[in-house]
Amino acid sequence: MGLIPCFPLRQRPGCRPGQQRRCARGWTPPGNRHPGLPGMPGHQKPIVAAVPVSRHGRRQGRTERGPLRPKAESRRPKPHSRRLWLRHRPPLPSRPAGRARSQRRVPWRRQRSLPSRPPLRARRLPGSCPAPHPRDCIPRHAPRSVPRMRRARRGAARGGSPRMPPRQREPRRGPGGPARPAAPPAATRPAALALVTLLSFASRFHRLREPPHVCWDETHFGKMGSYYINRTFFFDVHPPLGKMLIGLAGYLSGYDGTFPFQKPGDRYEQHNYIGMRGFCAFLGSCLVPFAYLTVLELSKSLPAALLTAFILIFDTGCITLSQYILLDPILMFFLMGAVLSMVKCNNCADRPFSASWWFWLSLTGVNLAGAMGVKFVGLFVVLLVGLNTIYDLWDLLGNLSLSLVVFGKHLLARVLCLIVLPLALYVAMFAVHFAVLNRSGPGDGFFSSAFQSQLIGNNLHNVSIPEHLAYGSVVTMKNLRMAGGYLHSHWHLYPEGIGARQQQVTAYLHKDLNNLWIIKKHDSDTADLSDPSSPVEFVRHGDIIRLEHKETSRNLHSHQHEAPLTRKHFQVTGYGINGTGDSNDFWRIEVVGRKTGKLIKVLRSQVRLTHVATGCILGSSGKTLPKWGWEQVEVTCTPYLKETPNSLWNFEDHINPKLPNISLDVLKPSFAEILLESHMVMIRGNSGLKPKDNEVTSKPWHWPINYQGLRFSGVNETDYRVYLLGNPVIWWLNLVTIGLYLLITLCTAVALKRGVQLTSELKELSRVVLRSGGQITLGWLLHYLPFFMMGRVLYFHHYFPAMLFSSMLTGITWDALLKFCAGFLSPSTTARKVYGGGFLALVLLILYSFYLFHPLSYGMIGPMASDPNSPMAGLRWMDSWEF
């Protein structure tokens with residue numbers, strides 16, 4: 001008989017899966033775990049129980065401490081201390097010769113556990129094992145698990161979570177809830193991914209050649225693809241990457257760039273357009289697997305990912321937008337790629353600086369550059385990734401187990417991959433853009449004269465002109481407003497009732513002899529300056545000058561008569577005879593950012609002409625005059641002293657035989673100046689966009705309710721009609737889900753705040769709803785709310801990036817809602833039926849709605865839906881739908 005140390009044999013949650021306790025006398029029976037370290041959560045002191053044991057291991061009836069009490073009696077013995085046990089513990093048996101430690105057999109003795117005091121609460125370090133001694137917790141499969149433990153410790157040292165790689169477990173049933181759905185088998189996910197990818201490509205490439213004519217904005221982006229093939233310079237309000245890719249796809253597919261793309265409805269005939277449409281359809285088809293993988297990573301739920309994929313596969317709006325030569329599928333491809341890469345990188349947080357972690361972080365930066373390079377609205381996903389990065393860094397900063405050196409490495413990695421890399425790629429896109437488009441084209445007039453001098457075929461290319469402006473020079477003045485035109489005049493007068501009946505002064509967009517003006521001093525004649533022997537006198541900042549029209553010999557003049565079109569602006573006319581006029585012909589010339597007395601450079605200096613008598617500034621309003629003004633641009637003198645491109649000019653042509661000529665290569669701008677100028681022109685062009693004739697615009701509040709669509713092709717019953725409209729069932733389901741998600745989030749947050757005890761399954765669902773759903777909701781808000789603050793014209797297709805996020809939110813929310821509902825049903829079979837039935841009902845509803853509305857995407861011929869005899873008459877659920 002002796003004292004046998006014993007521990008409580010119930011399992012504690014602090015022990016890792018795959019480990020079991022080894023006590024001082026040998027192995028414990030399978031399933032028994034150790035109680036934890038002293039001072040740790042769940043710890044119970046080891047108790048020494050006096051149990052009578054014979055030399056044969058049989059229990060005796062009496063001991064030195066008295067008879068054994070019956071089991072029914074509840075006398076609590078005095079607990080013994082750990083120190084006493086350590087003093088009297090028996091020695092460990094030696095290992096038998098010839099037998100390995102793992103093969104040793106120690107007889108199991110009956111033990112008796114006595115009650116102990118309540119467990120103490122203490123903080124357990126991440127990854128620590130609550131065993132009495134590190135050797136008391138060993139892996140169940142040592143050769144396989146020890147390297148995993150070492151990798152986990154290395155990940156913790158780098159700043160990641162030290163948790164072990166997850167093990168597959170059997171579904172467990174929480175109290176009062178259904179069996180927790182296990183993760184789908186490894187073979188299920190690739191099969192599901194292949195299925196949704198196949199359906200996505202089939203829906204986008206079906207009837208891709210129809211209609212065989214130009215549809216909607218193919219007039220713009222198809223034409224721009226042709227410009228890249230022909231290397232002709234053009235201007236667009238969007239960055240160049242999307243158009244370059246369209247042009248590259250056309251070039252590789254055999255398109256020669258000769259189709260004019262003049263207006264919608266022009267037939268392609270023998271021109272090969274299918275390559276450019278196929279490229280856009282390919283990128284549009286990739287949106288479905290991207291969304292599927294994103295939801296799968298966020299929710300770890302295969303049904304949620306499948307529901308999201310079915311929503312995007314069978315949405316008529318996404319199909320229509322992916323089948324034509326447009327920028328939208330290219331933009332959404334990079335947008336979804338950035339979101340997927342961000343989520344993948346977040347899931348690699350437990351192994352930072354690994355190869356996979358670097359790959360997904362770098363790929364996020366590449367996709368951000370692609371999104372910005374297609375449209376400026378790609379900045380919204382940049383903001384989403386930026387907020388996620390700030391959150392991650394803030395979380396790492398609060399991890400006291402990380403040194404500041406490791407935190408600095410995390411910060412530097414994100415700066416390199418998410419700031420430096422995207423900016424470098426973005427600038428490289430513009431470098432390629434300007435290198436390819438080196439021939440003069442329709443976009444020349446939108447840029448400065450210095451930039452135009454570099455374009456082959458432009459009248460300023462390889463031209464030599466005097467560098468500095470002088471009195472007596474013949475010049476042309478170009479307004480810096482986008483499409484502002486050249487300062488122009490002609491013999492025609494303003495009509496009766498339009499200010500003073502004097503010679504018209506306008507802005508003209510093309511080169512013309514009536515654009516030439518002579519610079520004179522305000523108090524002398526030009527005849528003295530035309531003498532070759534007279535000295536050259538340069539024009540300086542702050543000088544008062546007169547501008548004489550070379551063809552009509554009238555001076556540039558202004559007075560307090562109202563301008564023809566713009567109210568509260570003064571009229572600008574041509575006045576005088578053979579250069580003689582009055583004091584209203586005097587203008588003060590000022591160079592932006594220069595000091596008084598500085599010389600004025602041709603092409604480079606931006607000047608402002610201030611009328612001396614009235615103090616107004618010469619400018620172009622941008623408004624088109626009626627036919628009496630030959631539909632040229634109005635020129636006014638504005639009393640509002642605001643420095644805008646409308647009131648700035650530069651001197652382009654310069655003729656003065658007294659001055660030496662220099663090559664314009666000396667004045668050519670640097671790449672940084674060209675890059676800055678191109679962005680200023682694009683921003684001004686975006687803000688000044690106006691709707692085209694017979695084009696339907698919309699407002700942001702129209703979009704989520706699917707209020708109004710867009711005609712892509714055809715306007716009457718004999719035409720092949722394609723109408724951009726979202727699947728109503730899907731879009732209204734997304735709209736309802738947004739409100740439902742907010743309600744679920746509110747209830748979940750209140751329950752957690754009030755300390756409601758939730759099962760492990762419900763806690764995991766709450767995490768998915770709050771964390772993963774919150775990320776998707778933030779993406780939807782960032783891609784939708786900014787449009788309410790935009791002053792430019794807006795169209796229905798601007799909502800589709802936000803629609804991608806609302807569709808992913810629908811998959812996550814309904815999956816969580818069905819699991820919540822099934823959690824209140826006690827029979828496991830009933831819970832599964834409720835969950836499966838709800839999921840199946842949603843999928844069938846989506847399929848049936850696609851069956852009804854698929855002609856919107858694949859084309860309709862016949863009576864309009866407003867006709868009662870039309871087969872689409874019953875589907876016109878809203879009067880604003882015009883198909």
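Along the sequence shown, residues carry numbers from 1.
Between the side chain of E218 and the backbone N or O of I325 there is at least one donor-acceptor pair closer than 3.5 Å.
Checked against the 6.0 Å centroid threshold, H213 and Y268 do not count as a close aromatic pair. A ring-centre distance under 6.0 Å is not found for F205 and F282. A distance of 6.0 Å or more separates the ring centres of W881 and Y707.
With contacts defined as side-chain heavy-atom distances shorter than 4.5 Å, the pair W357/C345 qualifies. Annotation: side chain of M224 is not in contact with side chain of P240 (no heavy-atom distance under 4.5 Å). Counting heavy atoms from C-beta on, the side chains of K699 and L794 never come closer than 4.5 Å. Within the 4.5 Å cutoff, no side-chain heavy atoms of F805 are placed close to those of T777.
For the atom pair T810 OG1 and I730 CD1, the distance stands at 9.5 Å (nearest 0.5 Å). Interatomic distance, CG of L770 versus CD of Q775, reported as 12.0 Å (0.5 Å rounding). With rounding to the nearest 0.5 angstrom, the CG atom of L363 is 9.5 Å from the CG atom of L368. Separating the CZ atom in R721 from the SG atom in C215 is a distance of 13.5 Å, to the nearest 0.5 Å. With rounding to the nearest 0.5 Å, the separation of OG1 in T294 from CE in M342 is 8.5 Å. With values rounded to the nearest 0.5 angstrom, E764 atom CD is found 10.5 Å from S301 atom OG.
Side chains of T320 and S857: a donor-acceptor N/O pair is present below 3.5 angstrom, by distance only.
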| Should W701 and F787 be marked as a ring-ring contact (aromatic ring centres under 6.0 Å, His included) after you check the CA-CA gap, both sets of side-chain angles, and the distance that decides it? | CA-CA 10 Å; W701 68 268; F787 287 102; over 10 Å; no

| request: For S766 and L758, run side-chain contact (heavy atoms from CB on, under 4.5 Å): C-alpha distance rounded to whole Å, both residues' side-chain angles, the deciding distance at 0.1 Å, then the answer. | output: CA-CA 9 Å; S766 302; L758 301 177; 3.9 Å; yes

| task | Would you please test L327 and L331 for side-chain contact (heavy atoms from CB on, under 4.5 Å) and show each step? | result | CA-CA 6 Å; L327 295 183; L331 169 68; 5.7 Å; no

| Does the pair L199 and L195 meet the rule for a side-chain contact (heavy atoms from CB on, under 4.5 Å), with working shown? | CA-CA 6 Å; L199 290 176; L195 174 65; 4.2 Å; yes

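Minimum heavy-atom separation, S299 to A304: OG-CB, 3.8 Å. Nearest approach of P863 to S870, heavy atoms of both residues: O-OG, 3.0 Å. The shortest heavy-atom contact between I846 and L307 is CD1-CD1, 4.0 Å. Between H783 and A802, the closest heavy-atom pair is O-CB, 3.8 Å. S880 and Q708 make their closest contact through O-CG, 3.8 Å (heavy atoms, listed as atom of the first residue, atom of the second, distance). In terms of heavy-atom proximity, V381 sits nearest to A371 at CG1-CB, 4.0 Å.
Ion pairing of K819 with E761 is absent here, as no side-chain N (NZ or NE/NH1/NH2) approaches a carboxylate O to less than 4.0 Å.
In this structure L198 satisfies the side-chain contact (heavy atoms from CB on, under 4.5 Å) test with no other residue, sequence neighbours excluded. Every residue meeting the salt bridge (charged side-chain N to carboxylate O under 4.0 Å, His left out) condition with D266, not counting sequence neighbours, appears here in chain and number order: K263. In this structure, R209 has no salt bridge (charged side-chain N to carboxylate O under 4.0 Å, His left out) partners at least two apart in sequence or on a different chain. Remark: E297 pairs with K300, K344 by the salt bridge (charged side-chain N to carboxylate O under 4.0 Å, His left out) rule, at least two apart or across chains. Y720 pairs by the side chain to side chain donor-acceptor pair (under 3.5 Å) definition with R207, not counting sequence neighbours. In terms of the side chain to side chain donor-acceptor pair (under 3.5 Å) criterion, S866 has no residue partners (sequence neighbours excluded). The side chain to side chain donor-acceptor pair (under 3.5 Å) test applied to Y799 returns W780, not counting sequence neighbours. Not a single salt bridge (charged side-chain N to carboxylate O under 4.0 Å, His left out) links R204 to another residue, sequence neighbours left out. For S698, the side-chain contact (heavy atoms from CB on, under 4.5 Å) partners at least two apart in sequence or on another chain are H702, W703, F796.
For residues 300-349, the set of pairs meeting the ring pair (Phe, Tyr, Trp, His ring centres under 6.0 Å) definition, not counting sequence neighbours, comprises F290-F333, F314-F850, Y324-F712. Identified under the salt bridge (charged side-chain N to carboxylate O under 4.0 Å, His left out) test for residues 313-337, with sequence neighbours left out: D328-K375.
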For residues 241-248, which side-chain N or O atoms pair as donor and acceptor with protein atoms under 3.5 Å away, sequence neighbours left out?
unit_1: K243; atom_1: NZ; unit_2: D236; atom_2: OD2; d: 2.8
unit_1: K243; atom_1: NZ; unit_2: H238; atom_2: O; d: 2.8
unit_1: K243; atom_1: NZ; unit_2: P239; atom_2: O; d: 2.7

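Other residues, nucleotides and ligands contribute over 12 non-hydrogen atoms within 6.0 Å of the CZ atom of F788.
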